[in-house]
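Structure first, then comments.
In this text the structure is predicted, and so the values were computed from the model without any measurement. Numbering of residues begins at 1 and proceeds along the displayed sequence.
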Amino acid sequence: MSAALACPIPSCTLCFAKALEVDDLPLPQEADHVADVGVVAEAQDVVVGDPGLLLGGHILGEVADHVPLDADAGGVPGGAGGGGGIMNVGKAKAQVFDKDASKRVTFKDVAGISEAKEEVWELVEFLRNPEKFRDLGATIPRGVLMVGAPGTGKTLLARAIAGESNASFYSISGSDFVEMFVGVGASRVRDMFEQAKRTAPSLIFIDEIDAVGRQRGYGMGGGNDEREQTLNQLLAEMDGFDPTKGVILLAATNRPEVLDQALLRPGRFDRQVVVNLPDVRGREQILQVHARKVKMAPGVSFERIARGTSGFSGAQLANLVNEAALLAARKGLKEITEAELEEARDKVSWGRERRSLAINERGRRITAVHEAGHAICLLKTPHSEPLHRVTIVPRGGALGMTMWLPSDDKMHQLRSEMLDQLVVAMGGRCAEQIVFGDVTSGATGDIKSATNLARRMVCEFGMSEKLGLIEYGEHQGEVYIARDLGTRSRNYSESTAELIDSEVRFLVDSAYERAMAILTENRDKLDILTEALMEFETLEGSQVMDILEYGEMKNPPSRVTPPPMPSEVEEQPGKDDSGHTEKKEAEETRADGAEERKMEGELEQAERDPFSYNPVDEFGKDGGEKK
């Protein structure tokens, strides 16, 4: 303990300590001036860091010297616990909902999750007309837990409840309860419920409750862990010996499997509302909601966009509309058209085009052959999804891409569809082998996805005749390390493991053989499609189908000039409204000269580089040998 010193600071904080309280626990009546006074926090006879001055269950740490009292603020300077000051470290950080009509969210702003809206609407209706329910002896659920994937609208639902209800609404994040000092989180839970009781009836919304509600007994802290102390206090406040009256708890999480079972039982969270991904009608409604906030051109088909966004969440659809607005602004348009929405969908799904990436002619041809193989296998397998687009323009982390869009939302997948999916995955590698007589590393992702699908077919879906309808391995979704570490084991023998590997290998090899047969039979179409991709870079699904059916495109694409990069847009005299300058003609002249030099280099390299071989130079587009 430090020696007592005469205080050199006027209006010293420590000198006023005897007049301050932390959670209604008064400090000792007398306090000496000590040189190493720092954080004042509630403790349970535990000293943080080197021993400082321990008084009545409160720590005066070793960090700081005497601090002058902030006379303007009328209290102790802000410290741990936020702007309320160091003595408010145990106070809840819940925000009271602002009922400003201009910022309020209502159920009209929530679309695509009708069943979840009906579930939570009962809370609003009960708060507005409680007698309707009480006459029948019904009681409102004490707690409602909203469960769903990220971006499905759980927090938006809570904001809509706050906007529609006439009760007090408190919002807080689960991480706001977690601090380094034991007991602070529990103190904040008590304070939050005390505030809610004073304004009952009231609603408390805890976002990401898994931050504080994880299962007890796992991890390093044991029963004295700060998070567990906070959870214990939350359980007692929700349904303990003296249950809270007039307070309804809402919570949201996307990881319900890690929550403590005592938290999930009826009496605490009486109801679990599952917020699923929207179906095609729900996606159309969500797009219409977000379209009201932007300038949308008349005649835009939201149904078509909705059908092409299977698996999108509400947050992704909102991002899609915003990306379309940004793209339209870059183009200088006054309204958002369907073309911008489709381009934004491709960007959200597969990433932005990376046209600035420098790729030589050899790399472009390898990519074109690879993607042409995928596209032909996709169109020649009867159970595959419709082809949307083929491109050799890099997107995201891929150098090229074959895109397909499902025709509708599928709740089940047939075995024949999975087998065709394996064939499509092998199409790129087979095309490289056929055209170049060699293979590249470009099929890494295809091999990984095919292996994972084949293993799931064998181990989870029971689609192997030799292994039968038995699940091999534990497939429990996400792993909770604190619970599952050391407990998840393989539940089959070594001989069964060898048989599983053999069946997975059989499925992938069979798909490879089918892909080789398809591409060998359509070798001339493979060459024509490769050349078309080299020339136009991006082809629509209908144009690829024309090549397979007629040997040529009935409606070839027009060359589309992408919007200029920010570095290319310079403010200088002579710039027209579209952002181009007088240097355009000079740049085109240089580009033509560079293309001629590139073709001369290709001819010189053809004899020594097998990847520069162009099969269309030897065979015409109709498949016949040149004379």
Before you tell me yes or no, could you show the steps for T402 and E371 under side-chain hydrogen bond (donor to acceptor under 3.5 Å, both in side chains), namely the whole-Å CA-CA distance, both residues' side-chain angles and the distance that decides it to 0.1 Å?
CA-CA 6 Å; T402 301; E371 299 305 329; 2.7 Å; yes

I'd like a table of donor-acceptor pairs (distance under 3.5 Å, sequence neighbours excluded) in which one partner is a side-chain atom from residues 294-315, with atom names and distances.
| unit_1 | atom_1 | unit_2 | atom_2 | d |
| --- | --- | --- | --- | --- |
| S301 | OG | R304 | N | 3.2 |
| R304 | NE | E342 | OE2 | 3.4 |
| R304 | NH2 | E342 | OE2 | 3.4 |
| T309 | OG1 | R283 | NE | 3.3 |
| T309 | OG1 | I305 | O | 3.1 |
| T309 | OG1 | A306 | O | 3.0 |
| S310 | OG | D409 | OD1 | 3.1 |
| S313 | OG | Q316 | N | 3.3 |

Residues [X], [Y]: salt bridge by 4.0 Å N-O rule:
| X | Y | result |
| --- | --- | --- |
| E531 | R365 | yes |
| D346 | R389 | yes |
| R523 | D527 | yes |
| E284 | R281 | no |
| E257 | R255 | yes |
| K466 | E498 | no |

When you compare the side chain of [Y] with that of [X], does any pair of heavy atoms fall below 4.5 Å?
| X | Y | value |
| --- | --- | --- |
| I113 | T152 | no |
| C430 | Y512 | yes |
| Y472 | V458 | no |
| K117 | L157 | yes |
| R514 | M426 | no |
| L507 | V504 | no |
| L405 | P386 | no |
| L341 | L287 | no |

Rounded distance [0.5 Å steps], [atom1] in [X] versus [atom2] in [Y]:
| X | Y | atom1 | atom2 | result |
| --- | --- | --- | --- | --- |
| R455 | E460 | CZ | CD | 11.0 Å |
| I209 | R214 | CD1 | CZ | 12.5 Å |
| M545 | L539 | CE | CG | 13.5 Å |
| I286 | L317 | CD1 | CG | 5.5 Å |
| L533 | Q543 | CG | CD | 10.0 Å |
| I470 | Y492 | CD1 | OH | 13.0 Å |

Answer with yes or no whether the side chains of [Y] and [X] bring together a donor and an acceptor at under 3.5 Å.
| X | Y | result |
| --- | --- | --- |
| T496 | S493 | yes |
| Q421 | Q413 | yes |
| T440 | E432 | yes |
| H383 | R415 | no |
| D207 | T155 | yes |

Got a donor-acceptor contact below 3.5 angstrom from the [X] side chain to the [Y] backbone?
| X | Y | value |
| --- | --- | --- |
| N522 | K525 | no |
| K154 | A149 | yes |
| R395 | G351 | yes |

Results of side-chain contact (heavy atoms from CB on, under 4.5 Å) for D109 - residues two or more places apart only
V105, T106, R292

Test E537 against R364 for side chain to side chain contact (heavy atoms under 4.5 Å, CB included), laying out the working first.
CA-CA 9 Å; E537 293 188 335; R364 293 179 71 249; 3.6 Å; yes

Could you pull out the closest heavy-atom pair between [X] and [Y], with the gap in Å?
| X | Y | result |
| --- | --- | --- |
| E323 | V348 | CG-CG2, 4.3 Å |
| A375 | L387 | CB-CD2, 4.3 Å |
| G373 | L526 | N-CD1, 3.9 Å |
| A111 | V289 | CB-CG2, 3.9 Å |
| A116 | V275 | CB-CG2, 4.2 Å |
| M553 | D546 | CA-CB, 4.0 Å |

Might you work through the side chain to side chain contact (heavy atoms under 4.5 Å, CB included) test for L379 and V544, ending with a clear yes or no?
CA-CA 9 Å; L379 292 175; V544 179; 3.6 Å; yes

Quick one: do D446 and H370 satisfy side-chain hydrogen bond (donor to acceptor under 3.5 Å, both in side chains)? Show the steps, please.
CA-CA 11 Å; D446 301 328; H370 186 98; 3.0 Å; yes

With L414, the side-chain contact (heavy atoms from CB on, under 4.5 Å) member among K410, E417, H412:
E417

More than 12 heavy atoms of other residues, nucleotides or ligands under 6.0 Å from CZ of F461: is that the case?
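Yes, the 6.0 Å shell around CZ holds more than 12 heavy atoms from other groups.
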
W404, CH2 atom: more than 12 neighbouring heavy atoms under 6.0 Å
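Incorrect, the count does not exceed 12.
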
Side chain to side chain contact (heavy atoms under 4.5 Å, CB included) between L327 and K347, worked out:
CA-CA 11 Å; L327 183 61; K347 179 180 178 181; over 6 Å; no

